[in-house]
Amino acid sequence: MEQSKTVTILGAGSGGVVAANTLRKLLPHSDRIIIIDKERDHLFAPSLLWVMIGDRKPERISKPIKNLERKGIEVIQGDVGRIDPSQRTVNVNGKTIVSDVLIIALGADYAPQNISGLSEAGLNAYSLQGATAIRDSLNHFKQGRIVILTAAPVYKCPAAPYEMAMLIEYHCRRLGVRDRVQIDIFAAEPGPMGTAGPEMSKQVRQMVESKGIVYHPSHQVTAVDPNGRTIKFSDGSATAFDLLIFVPPHQAPRVVKDAGLLSESGWISVDRHTLETKFKNVYAIGDVTSIPLKMGKSLPKAGVFAHGQAEVVAHNIARKWTGQGGPASFQGEGKCFIEIGDKRAGIGTGNFYAEPSPQVFVKRPSMKWHVGKVLFEKYWLWKWF
């Protein structure tokens, strides 16, 4: 009788959850699927935008990771203390787990502490705590200047800051204060969603500016003065704010760095089609990776790519172990909704591996696409949990 095998997945975000579910369906029940995460709940991060404007309660956008146990997936809640990729061992909660295959889906850590005064002065739009604080602040904001800041040019979900600005503009109109509120975006990048190509970038900027939101590209923050409510930039300029909402700098988790998995990019390098790392039977998917594109930028960090990569890795592991099915290859296809307020959304879809630059197209904002995102939120939390 063939000995059972073990796959250990580090991280229960989009990629980790899809990988665990897909492997459980494809592999014999005797094979172990283990998923490890420090959090108790899986958060559907795209809906943080709705939490910010009071259209979602936090409990509606999360599910206990333990629910995966009902599907035959082993769940361990705890911090990963050490990874040895050459031996495929992981230390968690004082125990060592040995695996036949290791999938690293630990995502990106937020590092607002890398910019002096940022955490003290503003609210982190990429955390649940920050989203609820933004909601409460907006409900009491009667007049003044709201600044949305991307603190570094590389961050996950490239559409989010622009969606955020448009949803806040919409919310201010609902509250009857729009004529007394100025909304500005100060972006570290030269244009919105630049990795999606120049046409996509142009269209998103037009959407934002059509709502009276002022866009300031290529502004790299160096420090924030919480007392003076001032942001300082690398070109010597500064700007004032009454409410600061920021996208924090991102960095790879320390445990990944300590394991010797990072490349010069500061992230894990992988084969762009199979997601294999330089270590045998060790894969990495999602935000913790860096995949260079022909245009000189990297594949965006987004849940849609983590999802697609997870399915490819799971199918190739199952094929290798069971001999069933054909080889799978990640081809850089992706899509994302773009919420613009007034219960309307657009959708961008295309091939990010296209050369010489990604071929991504935007469908005109409508209520249909907004409803599509609402249904996707419900589908995601139902399907995977």
Side-chain angles (χ1 to χ4, degrees), residues 9-26 33 35-73 75 77 103 105-108 125-128 131-132 155-160 163-164 167 275 285-288 299-315 328 330 333-340 343-349 352 363 367-385:
I9 302 162
L10 307 184
S14 299
V17 166
V18 172
N21 275 272
T22 308
L23 283 165
R24 186 68 288 161
K25 288 181 179 179
L26 296 175
I33 312 297
I35 192 165
I36 302 170
D37 199 282
K38 63 183 178 181
E39 302 293 342
R40 184 180 70 89
D41 295 324
H42 169 90
L43 180 70
F44 186 71
S47 293
L48 287 175
L49 293 164
W50 290 333
V51 172
M52 289 178 204
I53 62 170
D55 285 359
R56 283 293 182 282
K57 294 185 182 298
E59 57 270 21
R60 276 192 58 190
I61 66 168
S62 64
K63 288 284 188 179
I65 299 169
K66 281 283 187 183
N67 285 3
L68 297 175
E69 291 182 341
R70 298 182 302 207
K71 301 184 177 189
I73 298 164
V75 176
Q77 184 183 354
I103 301 174
L106 286 169
Y126 274 31
S127 71
L128 182 58
T132 55
Y155 52 89
K156 66 183 184 180
C157 195
E163 294 180 281
M164 197 185 308
L167 287 171
L275 292 308
I285 59 177
D287 297 341
V288 76
L299 184 73
K301 297 183 183 300
V304 65
F305 297 124
H307 183 158
Q309 293 165 359
E311 290 185 334
V312 165
V313 169
H315 277 88
F330 179 66
E333 299 284 344
K335 66 177 69 174
C336 74
F337 294 100
I338 304 172
E339 288 280 315
I340 70 166
K343 299 192 182 302
R344 295 168 65 230
I347 188 169
T349 182
F352 285 77
K363 294 186 178 180
M367 291 187 69
K368 177 178 75 171
W369 298 121
H370 169 75
V371 171
K373 183 175 176 180
V374 172
L375 293 175
F376 179 68
E377 171 198 62
K378 296 179 184 298
Y379 173 76
W380 177 272
L381 294 171
W382 167 80
K383 178 177 176 61
W384 303 113
F385 292 92

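Heads up: numbering here begins at 1 and tracks the sequence.
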Minimum heavy-atom distance Ala302-Asp287, with the two atoms named: N-OD1, 3.4 Å
Listed once per pair and sorted, the salt bridge (charged side-chain N to carboxylate O under 4.0 Å, His left out) pairs that draw on residues 41-58, sequence neighbours left out: Asp55-Arg174, Arg56-Glu377
Ala310 to Ala19 - nearest heavy-atom pair and separation: CB-N, 3.6 Å
Validation row: Phe330, Leu299 side chains within 4.5 angstrom (heavy atoms): yes
Distance in Å, Glu163 CD paired with Trp50 CH2, rounded so as to fall on 0.5 Å steps: 9.5 Å
Exceeds 12 heavy-atom contacts within 6.0 angstrom, atom NZ of Lys71: yes
Under the salt bridge (Lys or Arg N to Asp or Glu O under 4.0 Å) test, residues paired with Glu333 that sit two or more places apart: none
Between His315 and Glu311: side-chain donor-acceptor atoms closer than 3.5 Å: no
For the student: nearest non-hydrogen atoms of Gly286 and Gln309, plus distance: N-OE1, 2.7 Å
Minimum side-chain heavy-atom gap Asn21-Leu68 below 4.5 Å: yes
Shortest non-hydrogen separation from Cys157 to Tyr126 and the atoms involved: O-OH, 3.3 Å
Parallel, tilted or perpendicular: ring planes of Phe385 versus His42, cut at 30 and 60 degrees: tilted
Interatomic spacing from CD in Glu339 to CZ in Arg344 - rounded to 0.5 Å: 10.5 Å
Gap between atom CD of Gln77 and atom CD of Glu39 - 0.5 Å precision: 7.5 Å
From CG (Leu48) to CD1 (Ile53), nearest 0.5 Å: 12.0 Å
4.5 Å side-chain heavy-atom contact, Leu49 and Lys373: yes
Reported CG-to-CZ distance for the pair Leu381 and Phe376, which is rounded to 0.5 angstrom: 9.5 Å
Residue pair Ile9 / Leu23, side-chain heavy-atom distance below 4.5 Å: yes
Distance (rounded to the nearest 0.5 Å) between Ile103 CD1 and Ile36 CD1: 12.0 Å
Within-4.5 Å side-chain heavy-atom neighbours: Ile61 and Trp380: no
Minimal non-hydrogen separation, Ala328 against Val312, with atom names: O-CG1, 3.7 Å
Geometric class of the His307/Trp384 ring pair [parallel <30°, tilted 30-60°, perpendicular >60°]: perpendicular
Those residues that, when tested against Ala125, pass side chain to side chain contact (heavy atoms under 4.5 Å, CB included) (two or more places apart): Met52, Ile134, Met164, Ile245
Taking every non-hydrogen atom, the tightest pair across Phe337 and Ile347: CE2-CD1, 3.9 Å
